[in-house]
Amino acid sequence: MSAEPLTPLSASTGRLPQGEEVKQNVASRQQRGKLWQASLLFSVFVGLLVLLLLAWNIVNDAFGGIAVQEAVEVEALTGGRELEELAQPELVAILEENLRSRVLGNLNREQPLAERDAENLIEVILFEIIKPEVVATFSLYDYLFNRAEIEAQLAQDFPRAELEFKSWLRWDFIVNPMSSNPIFAGVRTALLGTLWLLVLTILISFPLGLGAAIYLEEYQSDKIFDERKPVGRFFNRVIERSTSIISTNIYNLSGVPSIIYGMLGLAIFVRALEAFTSGSFFGANEGTTANGRTIISAALTMSLLVLPVVIISSQEAIKAVPSTLRQASLGLGATKWQTIWKIVLPNALPGILTGTILAISRAIGETAPLIVVGASTFIVTDPTSIFSKFTVLPIQIYNWTSRPQDEFRAIAAAAIITLLILLLSLNATAILLRNYLRSRRVS
Amino acid sequence: MAMKAIDPQYTADSKYALEVRNVDIYYSAFRAVKNCSFGMERNKITALIGPSGCGKSTVLRSLNRMNDLIAGARTEGEVLYRGQNLYDPDIDAVQVRRSIGMVFQKANPFPKSIYDNIAYGPRVNGWKGSKAEMDELVERALRGAVLWDEVKDDLKKSGLAISGGQQQRLCIARALAVEPEVILMDEPCSALDPISTLKIEELMFELRQRYSIVIVTHNMQQAARASDNTVFFLMDKEDRAGQIVEYGPTEQIFQSPKDERTEQYISGRFG
Ligand SMILES: Nc1ncnc2c1ncn2[C@@H]1O[C@H](COP(=O)(O)OP(=O)(O)O)[C@@H](O)[C@H]1O
Ligand SMILES: [Mg+2]
């Protein structure tokens, strides 16, 4: 065996840059990289810009100015003092002077004026005599930067109106129920509905999704029945087929448009299973509930919607547990279930929880399927059980944005902020939980 | 279905802790190992050597039915332990692995404390006893793996927070804690530095007094230094199935091999 004589490489093929060329060549390659880097940065900035615009758009509506006009000015009633400074009998006197006797009679019948406390009397005075009314609403931008114009226009149209700063997002907004008057309307009912829906959806989809994921990842290839008997073989085949249908279609299921899940929910939970979802089967019919359009129907529908994603993310988390850990456990004589329970799940848990929470928080912003399964658009009663009628924040927002008045647009923006805060805190919980579980594992 | 049990009272006349008879191992249609027959003597170290891909790990895994975990893997023939064929359909693999422990190529402690790493095996196997007794068991296992002095002050530390060599000894200690009879080791030192390797080899000599050990190694010196018997595997060029070329006392294999191929491999001219 003799080696072939070495031919110089550059003689046979092209040639590599030499000497001074190397420097130029490297410089030009680096420059190309820099160019790409700059264009990537541009994409990031576009994203950032969109985010800022979105935030500004919401804030611009949720805060701003209102022009309030009072039927009677406080000073005129009290002779220059504030209502809060007056004693109870003085307040009663104001009411008696300014209200017609029929209205007074009505009030006295509810509760005699003399027995009411000052706070209550001030409220009545505001409501019956002063009657503050929002005559115009301005966005934050206009309020801050077009003040002169606004004031000029107000002076012309509503000479008695006063311009005030208004935050539509405020504590009252959170705790007030729905109202047809945007000044008094709040998101209480919708927020409670969303919270109910959230908790129920987690309770339903988490165990189901995790269970399915464990089976698909750990047991799918196992034979449950005795392979040596024909019947056992047959059932093993059936199980194998059905689980493989699920596992191959799970990604498709997660891509099905949400409204289709809504229609499924309508057909199954609202209609077919009405006896159960309305609560009448359990003797829990609330009277307000005419049929199956209840929180539980919505939660079941939402669970169907998020189930594929919960399964997929749980599967990913389970897959990510190193198989060497499984082998170590099995090699010590642990059973498969012991290995899953004591090794696989604790290690997969952070991933499973994050995946699930993110999937569900995504779904909580869904509107379409809930409209289909019949969330109410106008209710004022708090949901009290899983069989209650309900509405949720996204539907409330949708409802308000479709009204023509500026005030509704403003409270819709405030409701959007409420929803976003809820979702962001959910996501933050997911991250904190994951970090906590991780840190506990490797200490 | 009546589950057969491995008889704990069984005292073999056989000198072998484990014996492989006419074993063929398949991965789906591919026969990775053929016609394998050899015995592993009690309280001895048996080394499996041979070029990479000749089926050493496959054979080792068949000894405690770890191959069952690989989809499509199938073993034909018999592996005898206490007079019982481990591949009898009525023998549960879980029962097998409790008595025939395994240490893997790459140290794989659980992401738990050192203490819990050791206690895991006994706990899953239904151990009953007080906290003090468990403490004692943990200490015994760690002493058995010559790790006690190094970690006794931080048993709460994660099993992942110690050096690679210590991790591998932790894995050995973990295996000892379920009181196995045979310990299988698949290239346990291949990821370790020479000093840690030496420690593990010394440890194997210690362990030999109470356990029977089977070790796969690609390191000739290690096999020559640290084993009593050696089994030499080679791949059949035609069907690519691994088979045994020669097996016997390590001294004889290394000093006067009967087969020409063994000689070539050992002197480094091959594989
Ligand atoms: N899980 C597996 N699936 C399919 N083939 C495998 C698997 N493990 C090993 N093999 C094949 O079996 C043969 C023997 O492998 P192995 O036992 O790992 O050899 P060694 O440990 O001697 O290097 C090789 O041809 C390898 O490709
Ligand atoms: Mg190997």
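Source: prediction; values computed, not measured. Below, read A as the first sequence line, B as the second, and so on, with proteins coming before strands; counting in each chain starts at 1.
- For B:E187, the side-chain contact (heavy atoms from CB on, under 4.5 Å) partners two or more places apart in sequence, or in a different chain, are B:K56, B:Q105, B:S190, B:V216, B:H218.
- Only the side chain of B:V178 comes within less than 4.5 Å of a heavy atom in chain A; its backbone stays farther off.
- Between A:I296 and A:I204, the closest heavy-atom pair is CD1-CD1, 4.4 Å.
- In this structure, chain A has heavy atoms under 4.5 Å from both the backbone and the side chain of B:F110.
- Ionic pairing of B:R61 and B:D68 is not present here: no N-O contact between side-chain nitrogen and carboxylate oxygen is shorter than 4.0 angstrom.
- Both the backbone and the side chain of A:S329 come within less than 4.5 Å of a heavy atom in chain B.
- A salt bridge is defined here as a Lys NZ or Arg NE, NH1 or NH2 lying under 4.0 Å from an Asp or Glu carboxylate O, and B:E76 with B:R74 meets this definition.
- Residue B:R65 does not touch chain A at all, counting heavy-atom pairs closer than 4.5 Å.
- The candidate with the highest count of non-hydrogen atom pairs below 4.5 Å against chain B, out of A:T335, A:T339, A:L325, is A:L325.
- A salt bridge links B:E181 with B:R82: the distance from a Lys NZ or Arg NE/NH1/NH2 to an Asp or Glu carboxylate oxygen falls below 4.0 Å.
- For a residue to count as touching a neighbouring chain, one of its non-hydrogen atoms must lie under 4.5 Å from one of that chain's; by this rule B:P180 does not touch chain A.
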